[in-house]
Amino acid sequence: MKKSLSIILALVLVLGMLAGCGQKQEAAPATPSTPSTPAAPATPSTPAAPAAPAEPAKPAEPEGIVVNGETIDKVQYLNVVGSDEPGTLDEFHNSVAATGNILSNLFTPLVRNMDGVLTGDGCESWEVSEDGKIWTFHLRDNYWQDGTPVTAQDYVYSAQMKLKPETAFPYAGNWYLIKNGEAINNGQMDASELGVTAPDDKTVVIETEYVVPTLLNTLTFYPQKQDHYEKYGDKYGTEADTMLSCGPFIITDWTHNSSITLEKNEKYWDAEHVYMEKVTVYSIAEPTTSYNMLDNGSVDYLAVADNDYIERFTARDDLENTRVQLARTFMWFFNMKDKYFANEKIRKAITVAFDRDATVEVLLGGVPIKAKGLYTHVMYEGDYNIREYDGDLIQAMIDKYPDPAALLQEGLDEVDGTKAADWTFKAGFGSTGSKMKEQAEYWQDVMIKKLGIKGVELSFDDYAIAMDGWQTGAFQVACLSWGSTADTAYMLNLFTTKSNAIPVHFDNPEFDELVNTLNKTVDPDERIKIVQKGEDIIITQNCLVCPISYNCNNVFEYKYVRGVDRSPFGNSSYKTVYTVGRP
Amino acid sequence: MSEHLLEVKDLAVSFSSYAGKIRAVRGVSFHLDAGETLAIVGESGCGKTVTVKALMKLYGNSAAFIEEGSSILFKNEEVVTMDRKQLSKLRGEGIGMIFQDPMTSLNPTLTVGYQIAEGIRFHDKSVSKEEAYKRAAELLALVGIPSPEERIKQYPHQLSGGMRQRVMIAIAIACDADIIICDEPTTALDVTIQAQVLELLNELKEKTNKAFILVTHDLGIVFDFADRIQVMYAGVILERGTKYELFDEPHHPYTWALLNSVPSKQSQRKGTLYSIQGTPPDLMMDIKGCPFADRCVYCMPICKERMPEETPLSETHSVCCWLEHSMAPKVKAPAAGGEE
Amino acid sequence: MSPMKTDWINDTEGLTPEMFVTVGVDESKDRVLRPHISYWQDAFRRFKKNKLAVFGAILLVILMLLVIFGPIMAKHSFEETNIAESYHPMDKDYWFGADKLGRDYFARVWQGGRVSIIIGVSGAFICAFVGCIYGGIASYFGGRIDSFMMRIVEILSSIPYLLVVILLSLWLDAKGIKTLLLAMCLTGWTGIARLVRSQMITLRQSDYVLAAKLLGVKPLKIVTSHLIPNTIGLIIVNITFRVPSLIFSEAFLSFLGLGIQSPETSWGALCSAAQTVFTFKPHLMFFPALCIALTMLAFTLMGDGLRDALDPRQRK
Amino acid sequence: MARYIIKRILYMFLVLFIVVSTTFIMIHSIPGDPLTATVENLPEATRLNYYARYGLDKPLMVQLFRFWKLFLTEGSLGESLKYPGRMAEEFIVKYAPISFQLGIWGLVIGVSLGMMLGINAALHKNKLPDYFGTFVALLGTCIPAFVLAALVQYFFTVKHKWFPTAGWGGAIYFVLPVLCMTLSPVATYCRYMKSTVLDVINQDYILTAESKGLPRGLIIWRHVLRNTLMPIVTMLAPSVAGLLGGSFIIESMFAIPGLGTYFVKAINSRDYTMVVAMNFLFTATYVFSLLVVDLLYLVIDPRVRLEAKQNRRAVASNVPNEN
């Protein structure tokens, strides 16, 4: 009696739990209906706009809206997976690169890069002076979420805040190209001296330190409303209700480590062309979960990195696969201060011995592209594609030194004569994930076999901790991936003595001088030659880094999704996205 | 049909262990009437406790089972085939039991009062909590425990061994069962307490018309408590009869030996106590002849061949031994306490 | 008394006089039917009889042998990568197939087994040993000593184990099995200490402990010979749980880069590595998880057998 | 009795203070500066005021003192390094309840199911329930959490689409994570329950209870359970304390805004304030649940309670010796 009683009870309990919840969710359509609106109290809907200036009332189209000849779905909603959980939405304190994706939906940058085409968002038009240093932008009528107009002063305030020393803005370095930017950031000048001025409410003038032809692709310039920002101070950007946006969307809910909900901003100047009513951005830490969400349709598109899942999704007919190249290079880099790696032959021996084919095809599932040099395939100087112009420097080096083991021994003899068989070096990695460990173990084995060395010591740390160690030079070889902006000088700048962002400690005055001349020349034909010479110094001559591959996103998208902006540099917004025929 | 309160026929109980089947009780028959006291005597391990526990099918967690063909009639109801509900009615209301070791037979985490009232309230649902506790207090008084109201709230480890045994008695008579089984009630107690408990049991005997079954290996307490005595050995009954018959004219060598091993005044002078050589047989093996044969001083070849039949000596006295057979040599019981 | 057969006495059919010659007690038969054997011999005999427990013991021996000889038997070394053989399916050449880098998975599973079994088994026993003694002493003395010792337990079990491992691997400047085991011995035993103490408090009241105290038996002796045998059930169950939990805590540490360093591996590390491709290549997860399950099954069965064998109360 | 409780509460704060201070010192002595990533290319001036903001420029002991002063005066645990602008206690107040909710559901179902299976396994030794109990115990401890979560997620959200794969909102998001969380308590408590019940079932007072004619259910409930609670309750304390920390794996698999993710990330990224805050939370609940367990000892086992009373009377002057 006792036995049967308790087993039945156990079963009833489990079934009860399942059934109980099963019914609560209405008859599940093919894909689960939109996850029930989050229990967190939805923030008050946009407060009734105070007597906003009379806005031309747009007649709502009677039947569906027609875009590019297709009638889009009645209910427009989008579910996507954001890569990282944003630390904070306060752009002045944000150090997580992926958060830019959310910010680009909440604010209107002066100019937006949509599918490679620069279109005015905050401004209607802009022009550049002959010497290429003074940019003037004419703002359009745009309003904040609370109905107050966006003024040029908001842009000036945002620029000044970024360079004020007290803000300690993590990416202040990128804004040194604005006149007096560096001086202000070092506290030598007052913020008001900054090269960003607002002659009147509708024009913003930017004066740069030196010529930056790709300024619009390098800087994403968002406005910030001074009184709103100061009202919240440190709390600004930590929760959804502290935000005030003027972009295509407003943020209505933020459940940390779970999801962010964006809703259409009626006050946006181009609201008419924003089709999405609601966008839910999930922050999923676990890749398998995001793949499952794509599989059962609870997410509309997703970048897939795992080749098993790539095979599964390619086999499906309702998913479209597009491969997007990013401007990010995955590489090893050497510490020039280290006794052995100051020697060029040793660096070249390792770069030549590296097995890129197996890494790209097997380890990384054929997603990325094999590296041919420092610059990726998507970098342009005027009309020249830098990669095609400079050619395959890595293959050239491999052909030049067929026997890496001998080259290594030559290098070792030059340094202190230790035999390759009893030489080991230490390789540091900036992630503790099992994927990185797998790759490291493979490279370890390749280096031992190809160079005949004794061993490779591997160490794995969290990125912040690893970078701290590399900055102080406590490493021999380390591995990271670095993304570049559209500005071709950006990649070269990383190796200058001043920046040393990639801590190779190159300290080469001739190279620094080269980068300065690049910053002064405007004509693309001249600039491409300087860029080529720069890459030649870094790779062919000194081999400071051992490029492995260029990152790509293997994106799978449901066929009913249209208009997703995938430019490699811009922070794509969901402004142009709409769905047709969602099941 | 039987007019006795309790009628047991060919009761056989065995334990199944992974080493084989242990046949603890091998066909025992006896009866019991209201108001009568039966003593079951024998060395430890002779199956007497298993027998009385089988009356209530009390196996605890052991792997015991009643063999086919056994029959236990209690008020003409067959106990062997009782289902769980009938059994729970029989236990407590029909037959109560007093266990050997009072130190471990009471639940340490429950009050004494509760453990008594629990039985009352289970068997008679109409009794309320207060009434049950009041009844428990009366019972404690009945069994001679001072200031019962206060004792009820106390826990077993706050009472002495003797008092705990009295609580056990109270539990056994809580639902005024017809038969009270006392399984070696005094063994775990020291002599003075032993006497008090026996005196209490005797009082109960006079006051109530209950039938008692006393299971013990201590012949000393049997005489002044029991009416009839049964001697058990290796799962079978060797001799039974009234206490006078057994004490005055025992017929079975084992009974002689048992009586001799009781220390009496004469034996003290000789200084050595008589003890039976050897140990009881291994109950796992089949025993062909008389189980006591190996240790019996008067053993004959026939004893090892076949089990002797039960020979009636008087209305109440009978014995199973080949010495009774016409062909066997006549042997006189040795004087009590005398050396063989 | 029902009438009984009285004619039996005179029924001489088939009986002969010599059958009735008194032969007395048969001395030869007087051997001791059941030889007195010591507590441990009896426990071992009962353990041997328990089929399941013996099966558990055999399973453990097989696992031990495989772990020692597995990597040697395999055709390929567990470290040697062979990219062409990436995810090689299971066949006669690669018995358990190959992992992403083409390393022979059969060798890797058993190589990993060495680490896991050492950590799991030795860790569990060390913790159990230290925990029992500590818990025993704490419960035996009671009073202020006990509450003081319990506060130490609370402090030790609240300090984050992760931090202890990180600091230890820095001070000893060695990341590997030694550091893990040391860290475990420092903080691992608090769980069982508290458990054993709670059980022993009730036992402390029983008479045999009081009697032993009266006889002047030294406290440590009382704890080891009286208190611990009576809590053997709990201790053994705890050990059977500690083994897999230690194996997985090692996996979690390797996940954070603090566990054993590559190319060495362990069952836990194999499981966490196989997690990403789990839905496509379940066998990569199946084998290490199976080994952990078998180890625990072996310990559970042996544990049950030991508990029954050693439990004094159940000694027939 | 009241004196005993007050004394224990004092002990609680003492232990809490010692543990949190030790953790504070330990985390600060681990090499690796958490702020590098954020301040790496900032000029010297801004870098210094960044450190000053978190008080990292002061010697360790001063920092420890400031930490406790801040806590005692404003009840704040300091600002997180990884998430600027957010105080550590905000995380705890907002997310601990979510992790706790999940954990409690998992534990309650897990423990009750486990105890039922355990009792059954003990009552029917070496028969079906016993083997089923051992099987469940094996399953529960050997299947790693992420495998279970992956299987459950695949089966219930991809294959059958009954539940949303991830996210947080109404009760429906509860089901799968709780399902994953019940397996390990079921396994643990089933095994422990069986072992303790086996010890109790052979006691003589169970035979006495049976001789009173009580049905088996009542005997189990009234007599057996009471005596098995001691070890089971002892185990509840650490498992309850662990709940607040949430389960890192389950929460990251189902995108649940619990404390689990912060718990692990904090140590990885050397976010000093968060690590200390998390440890503070864990220790506080752990020590509190230990006090509750010790009090439960007194309730469960009268012998312990009486001894506590007697000793106090006998040893009038000094501290009552509870045990």
Side-chain angles (χ1 to χ4, degrees), chain A residues 1-3 6-7 9-10 13 17-18 21-22 24-25 28 31-32 35-39 87-88 90 93 95 165-166 168 170 172-173 185-187 234-238 255-259 282-286 288-289 292-293 295-296 298 432 461-465 467-469 471 499 501, chain D residues 32-34 36-43 45-47 49-50 82-86 90 94-95 109 113 116-117 119-120 123-124 129 150 153-154 157-158 161-175 178-179 216-217 220 251-258 261 268-270:
Chain A
M1 187 274 294
K2 181 66 198 156
K3 178 186 74 137
S6 43
I7 289 198
L9 204 61
L13 200 90
M17 208 163 63
L18 289 182
C21 294
K24 210 175 296 157
Q25 198 216 10
T31 58
S36 55
T37 44
T88 168
D90 169 359
H93 293 111
S95 59
E166 316 75 65
N185 201 241
N186 293 345
D234 268 356
K235 283 279 167 285
Y236 177 77
T238 54
T255 322
H256 293 276
N257 278 324
S258 180
S259 61
Y282 290 99
S283 19
I284 305 286
E286 199 48 57
T288 25
T289 312
N292 283 337
M293 289 176 90
D295 205 330
N296 68 20
S298 40
T432 52
D461 288 299
D462 187 78
Y463 181 73
I465 310 307
M467 181 50 90
D468 175 46
Q471 289 294 352
S499 118
Chain D
D33 166 6
T36 330
T38 38
V39 294
E40 60 197 328
N41 35 33
L42 284 179
T46 36
R47 191 191 292 250
N49 68 40
Y50 216 89
K82 191 159 192 291
Y83 304 102
R86 296 171 69 176
E90 273 171 43
K94 249 162 99 71
Y95 306 125
I109 296 173
L113 214 56
M116 253 186 274
L117 290 180
I119 294 172
N120 247 303
L123 292 183
H124 303 271
Q153 189 172 59
Y154 181 73
T157 67
V158 176
K161 298 193 173 57
W162 291 338
F163 293 101
T165 318
W168 187 248
I172 193 160
Y173 295 90
F174 247 62
V175 172
V178 164
L179 199 62
R216 181 138 62 158
I220 298 284
E251 283 177 12
S252 60
M253 285 287 275
F254 292 97
I256 291 164
T261 28
N268 252 348
S269 55
R270 304 291 191 276

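The chains referred to below are lettered A, B, ... by the order of the sequence lines, with proteins before strands, and numbering in each begins at 1.
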Can you measure from OH (Tyr154(D)) to CG (Asn296(A)) and round to the nearest 0.5 angstrom? 10.5 Å
Looking at OH of Tyr173(D) and OG of Ser258(A), how far apart are the two atoms once the value is rounded to the nearest 0.5 Å? 8.0 Å
Of Lys235(A), His256(A), Met293(A), the largest count of non-hydrogen pairs under 4.5 angstrom with chain D goes to His256(A)
Hey, what do you get for CH2 (Trp168(D)) to CG (Asn257(A)), rounding to the nearest 0.5 Å? 13.0 Å
Heavy-atom side-chain proximity of Glu286(A) to Glu251(D) below 4.5 angstrom: no
Do Gln153(D) and Thr289(A) make a side-chain contact, defined as non-hydrogen atoms from C-beta onward lying under 4.5 Å apart? yes
What's the spacing between Tyr95(D) OH and Thr255(A) OG1 if we round to 0.5 Å? 8.5 Å
